[in-house]
Protein chains: 2
Amino acid sequence: VVESWSFLDTVESNFRPLVVIELAKGTKEETIEWFTKRIVDKKANGGAQLLIKPLVMENGVENIYLVGASHLRLLLGAETVGLVKECSDNSMRTFTYSSRKTFKDFADDNHNFLTMAECQYIIKHELENLRAKNEKMIPGYPQAKLYPGKSIVRRLLTSGILVQIFPLHDREELKKLRHSWYGRVKVGYQPLDDIRCYFGETIALYFGFLEYFTFALIPMAVIGIPYYVFAWEDYDKYVMFATFNLLWSTVILEVWKRICAILTYRWGTLLMKRQFEEPRPGFHGVLGINPVTGREEPVYSSLKRQLRIYLVSLPFVCLCLYFSLYVMMIYFDLEQWALDYHKENESNFSNLMLYVPSIIYAVVIEIMNRIYRYAAEFLTSWENHRLESSYQNHLILKVLVFNFLNCFASLFYIAFVLFDMKLLRQSLATLLITSQILNQFAESLLPYWLQKRYNRRMKKRMCSQKTDRDLSVAEQVNMEKEMGTYLGTFDDYLELFLQFGYVSLFSCVYPLAAVFAVLNNITEIYSDALKMCRVYKRPFAEPTANIGVWQLAFETMSVISVVTNCILIGMSPQVDALFPDSKMDLVLTVALVEHLLLAIKFIMAFVIPDKPRDIQMKLAKLEFESLEALKQQVRAFQMQL
Amino acid sequence: VVESWSFLDTVESNFRPLVVIELAKGTKEETIEWFTKRIVDKKANGGAQLLIKPLVMENGVENIYLVGASHLRLLLGAETVGLVKECSDNSMRTFTYSSRKTFKDFADDNHNFLTMAECQYIIKHELENLRAKNEKMIPGYPQAKLYPGKSIVRRLLTSGILVQIFPLHDREELKKLRHSWYGRVKVGYQPLDDIRCYFGETIALYFGFLEYFTFALIPMAVIGIPYYVFAWEDYDKYVMFATFNLLWSTVILEVWKRICAILTYRWGTLLMKRQFEEPRPGFHGVLGINPVTGREEPVYSSLKRQLRIYLVSLPFVCLCLYFSLYVMMIYFDLEQWALDYHKENESNFSNLMLYVPSIIYAVVIEIMNRIYRYAAEFLTSWENHRLESSYQNHLILKVLVFNFLNCFASLFYIAFVLFDMKLLRQSLATLLITSQILNQFAESLLPYWLQKRYNRRMKKRMCSQKTDRDLSVAEQVNMEKEMGTYLGTFDDYLELFLQFGYVSLFSCVYPLAAVFAVLNNITEIYSDALKMCRVYKRPFAEPTANIGVWQLAFETMSVISVVTNCILIGMSPQVDALFPDSKMDLVLTVALVEHLLLAIKFIMAFVIPDKPRDIQMKLAKLEFESLEALKQQVRAFQMQL
């Protein structure tokens with residue numbers, strides 16, 4: 001059988017380029033030779049056993065390589081990364097090469113058994129797992145140190161020798177996907193399974209969440225409309241709306257967990273075993289022994305990291321929060337000053353002056369958000385987390401807290417210090433709508449337009465009569481390598497998180513917020529889809545089983561919104577009028593209701609199972625089977641005694 | 001090697017009785033023959049391959065059997081149940097017979113490698129896993145139906161043919177344990193590892209929790225004493241005490257998780273894989289196909305169970321809660337009436353009458369608790385849960401809610417309706433102290449005294465000059481089979497839970513509660529130890545990795561105590577005096593502080609890791625090793641291609 005390996009490896013007639021490697025211009029010959037040899041070398045020799053082909057560009061520079069793999073190699077790789085696929089009996093199982101016949105749609109000549117995104121994920125995994133053996137450094141670059149077990153690709157990336165690795169688009173597939181996703185105007189669900197096949201689970205899950213969240217907001221929007229149309233201002237209607245809102249937000253977050261389980265079970269990632277996480281590229285430390293793996297690698301004292309987090313990062317974040325509040329206070333002072341000025345000398349100029357403070361404040365908020373984001377990234381990177389996941393969690397936490405305060409502090413101030421419900425409603429509406437418009441513009445349409453202009457120029461330069469479809473691989477690579485890199489779902493989730501805040505925190509004051517959120521999300525789906533398909537390089541698929549820390553963030557927001565809504569209702573003049581004699585009774589009643597609602601929320605979160613019953617059963621069945629298999633093994637062994 | 005099996009199996013010279021099986025008197029011969037044959041039969045024939053010996057009693061009746069096993073059989077059984085033992089390199093690993101040489105203290109002739117409790121657990125597991133093959137019924141008892149895969153022992157138990165199965169005490173070991181546990185007056189820790197070796201992890205963990213909890217209460221007790229001694233009544237001191245108390249209770253519950261992880265890691269249960277749970281003995285249903293196992297067994301619709309829970313059990317519990325509150329109101333009416341009566345006609349009789357209501361109420365509470373307990377057990381059993389764990393959780397929840405209300409409702413009423421702090425303090429002290437005394441008496445000393453009297457009579461009847469040590473096995477079995485059965489740690493945890501409530505719910509009113517709790521717990525350790533060693537049959541060891549639902553119960557209690565303490569402090573006249581102008585400000589301040597405290601609690605629970613760093617590392621190491629082993633396997637397989 002050994003021959004078949006080598007045989008398949010050398011057949012380049014059906015070489016299908018999957019991943020592009022771009023090296024820095026002027027990379028030394030010996031480095032290139034060493035690196036490509038490692039990529040094609042046999043597994044037994046520590047290679048990745050992939051196929052690689054240089055891409056000769058017009059100008060003769062040869063710094064771009066296409067990577068592919070034989071069908072057999074990909075199947076073996078699928079076993080290595082622990083892919084979970086559907087079996088013929090509709091159950092999901094971890095793919096192994098020896099049991100390949102039991103999987104649905106498997107045939108030795110069916111090259112579509114693995115989706116292209118899966119193939120690219122496998123290649124990325126194999127490349128990243130190319131590890132240094134005895135090399136002390138990257139040949140040709142003595143300053144790029146290696147130690148046994150260090151990922152070669154990561155060192156090449158941090159040394160700047162490797163510019164980027166990215167998966168190629170499949171222009172045929174992409175066209176089909178575009179058509180079914182946003183190509184025609186239709187009412188219906190997104191083709192989540194197709195999105196998952198093309199972009200991987202993380203991105204498909206984001207779009208799934210976006211869609212689910214939009215549908216979940218519709219009841220709130222529908223109930224909110226009559227409040228606007230009939231100008232209902234009765235307190236009992238507000239109370240009803242707010243109560244519905246609070247319970248509803250708990251229900252939707254719990255139900256999302258179930259839907260997420262259904263989706264990821266179908267995609268196989270719910271069952272996928274967590275791989276052992278390697279140190280992130282930026283992690284540094286003195287060479288030592290990792291107590292977990294027993295391997296030599298950089299280690300960094302956890303105590304030092306804790307000190308950095310609690311003695312530097314935490315105070316810094318608090319300082320930023322304080323600064324943000326300080327700026328807000330200045331804004332309110334300015335606002336007051338402008339109002340006074342306008343009252344004293346009423347003129348066109350003074351009328352214009354009224355708008356100046358909010359414009360300045362909006363600009364300052366935006367600037368602060370950006371500066372803070374850089375600072376947070378720098379600090380989190382300086383905290384020197386070993387794992388990417390821990391880095392991400394710390395970064396998300398920092399950015400989340402600051403964004404929350406920056407966006408909502410002025411609303412809180414208006415609501416609970418100024419007690420001005422009218423101003424609150426007005427500010428809320430302005431903030432929500434402008435932030436939505438700005439986001440949509442800055443996030444999707446602007447890059448799309450820039451990209452389109454660039455593409456047009458590119459095409460003109462290359463060969464003006466060709467259409468998209470006829471592009472050669474070289475032209476395709478050339479175009480895609482210049483596209484922007486999609487930096488993950490962080491900003492998209494953050495936008496949804498803040499939107500959820502606008503909708504739920506002050507829902508009883510402005511029931512129309514849900515309507516705007518729904519409208520925004522419908523266009524958001526289209527503009528995000530456009531962004532993914534047209535603006536950015538194809539991202540590598542990332543298997544994931546849930547939306548991670550965002551679930552917690554949304555749940556926290558819904559707890560906070562119980563508190564704010566109860567206070568708002570308590571402050572409304574209609575409720576006030578119900579307790580003419582004693583304000584005490586009012587406050588006590590509000591506090592009681594709030595505690596009851598919180599208790600109901602927690603009980604609901606506890607009672608609603610996180611996974612639907614049939615998924616639970618399927619998981620139990622798999623667990624039972626593996627236990628039985630183990631028992632059989634033990635029994636078979638004991639029989640031999 | 002096959003011979004060695006049979007060889008070891010027939011050597012009865014070193015037969016060590018471990019477990020006792022008591023059949024009903026007059027069990028048919030054919031049943032006994034069939035059952036014992038299954039017990040000794042080879043694994044390959046569907047037997048348990050254990051050793052069994054009838055115990056001939058004085059009166060010639062032969063209904064008691066001793067079960068043992070060869071050393072080899074026990075080692076193989078240890079692999080089957082998935083025991084985790086310490087290796088020579090101090091790491092904890094799942095025991096397998098093939099890797100036995102790598103384990104610490106393993107030697108082929110070291111029969112103490114497995115503790116006696118482990119051996120008994122293995123035998124119990126093997127007996128319970130004796131499954132029907134083709135038998136349609138138990139031979140001799142046509143009404144005792146069997147189906148393929150049904151546990152024979154469970155069917156024998158539910159048919160009343162099998163009276164009981166219990167493990168034998170080891171009188172030598174027990175004596176040593178008693179001595180080091182409570183035999184001498186000393187200050188120090190309990191011998192938790194020895195307790196675990198003798199009684200198993202569940203019981204050892206209870207005693208570990210009891211000890212930990214007692215130590216954790218000491219700081220609260222120490223701080224509480226000066227409040228009593230100097231009669232401090234300043235509000236700021238109370239606030240300090242309550243704040244300390246609230247944060248402290250969060251810290252101790254989080255730290256317990258870490259200590260629990262340390263203990264159970266050392267005992268191996270933290271790593272032990274969960275076994276597939278069989279239906280509990282009382283579970284019934286129509287014969288169908290279990291969707292998880294694919295086996296034929298009784299199935300019961302989950303929808304029906306949900307209906308029973310939500311339409312019958314839930315309303316019933318609510319009704320009971322209402323009734324309990326109603327009784328409490330009657331008590332307060334009676335109290336008032338007695339007071340009025342005493343005022344009107346002051347006499348010795350009226351003075352006595354003052355005590356009547358509380359006596360009646362105490363008796364009624366006790367009666368209600370008992371009746372409710374039966375009702376809860378009946379209802380939960382009627383809900384027909386398939387798994388013992390789910391049955392237990394539902395039972396615990398029902399009993400917990402009712403006990404909580406029954407014990408604390410009157411205190412809540414006094415505190416938040418009558419606003420009588422003096423009465424609250426007095427009631428709290430009375431309830432706490434009397435419940436402690438009653439519990440200690442009813443739980444340990446009374447059964448101990450009864451048991452002692454019975455033993456004395458037994459011994460006199462049998463052979464008056466023998467001491468404990470010289471008892472023959474027959475006499476020992478005869479004595480132990482009459483001892484009470486320990487029904488699990490439920491009541492012990494419940495007692496601690498209610499105590500925690502007394503200490504934390506109203507801690508700012510009665511700082512001395514912690515002192516009484518500490519004193520009670522010190523004697524509780526002794527009386528519980530006495531109970532375990534002297535009063536009850538030895539229980540089977542139950543591996544467990546944590547205290548389960550009780551962790552949640554204690555955490556919920558500590559959340560509730562934040563609310564109650566904040567309200568109590570807000571109501572105190574000293575705090576009242578701080579806000580002379582506006583009661584509103586007072587209430588708002590209290591609400592703000594409460595929310596802050598709750599937020600701090602949740603953040604603390606989130607920030608403190610559940611497992612200490614070194615345990616995390618050890619677990620990560622094991623996970624890494626198993627992933628590596630899997631990868632090696634895959635690689636080795638792929639090399640063959």
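Note that the structure is a prediction, hence the values are computed from the model and not measured. Every chain is numbered from 1, with letters handed out A, B, ... down the list of sequences.
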For this session: Identify which part of T96(B) has an atom lying under 4.5 Å from any heavy atom of chain A, answering side chain, backbone, both or neither.
Result: neither
Exercise. What part of V81(B) is in contact with chain A, defined as an atom under 4.5 angstrom from a non-hydrogen atom: side chain, backbone, both or neither?
Worked result: neither
For this session: Kindly compute the distance separating OG1 (T556(A)) from CZ (F602(B)), expressed to the nearest 0.5 Å.
Result: 10.5 Å
Exercise. To the nearest 0.5 Å, how far apart are CG in L586(B) and CE in M584(A)?
Worked result: 6.5 Å
For this session: Give the minimum heavy-atom separation between P291(B) and K621(A), together with the two atoms involved.
Result: O-CD, 3.6 Å
Exercise. Contact part of V559(A) toward chain B, heavy-atom cut-off under 4.5 Å: side chain, backbone, both or neither?
Worked result: neither
Exercise. Which atoms of L552(A) come close to chain B, meaning under 4.5 Å heavy atom to heavy atom: side chain ones, backbone ones, both, or neither?
Worked result: side chain
Exercise. Are F624(B) and N290(A) close enough that some pair of their side-chain heavy atoms sits under 4.5 Å apart?
Worked result: no
Exercise. Heavy atoms under 4.5 Å from chain B: which residues of residues 590-597 of chain A carry them?
Worked result: E594(A), H595(A)
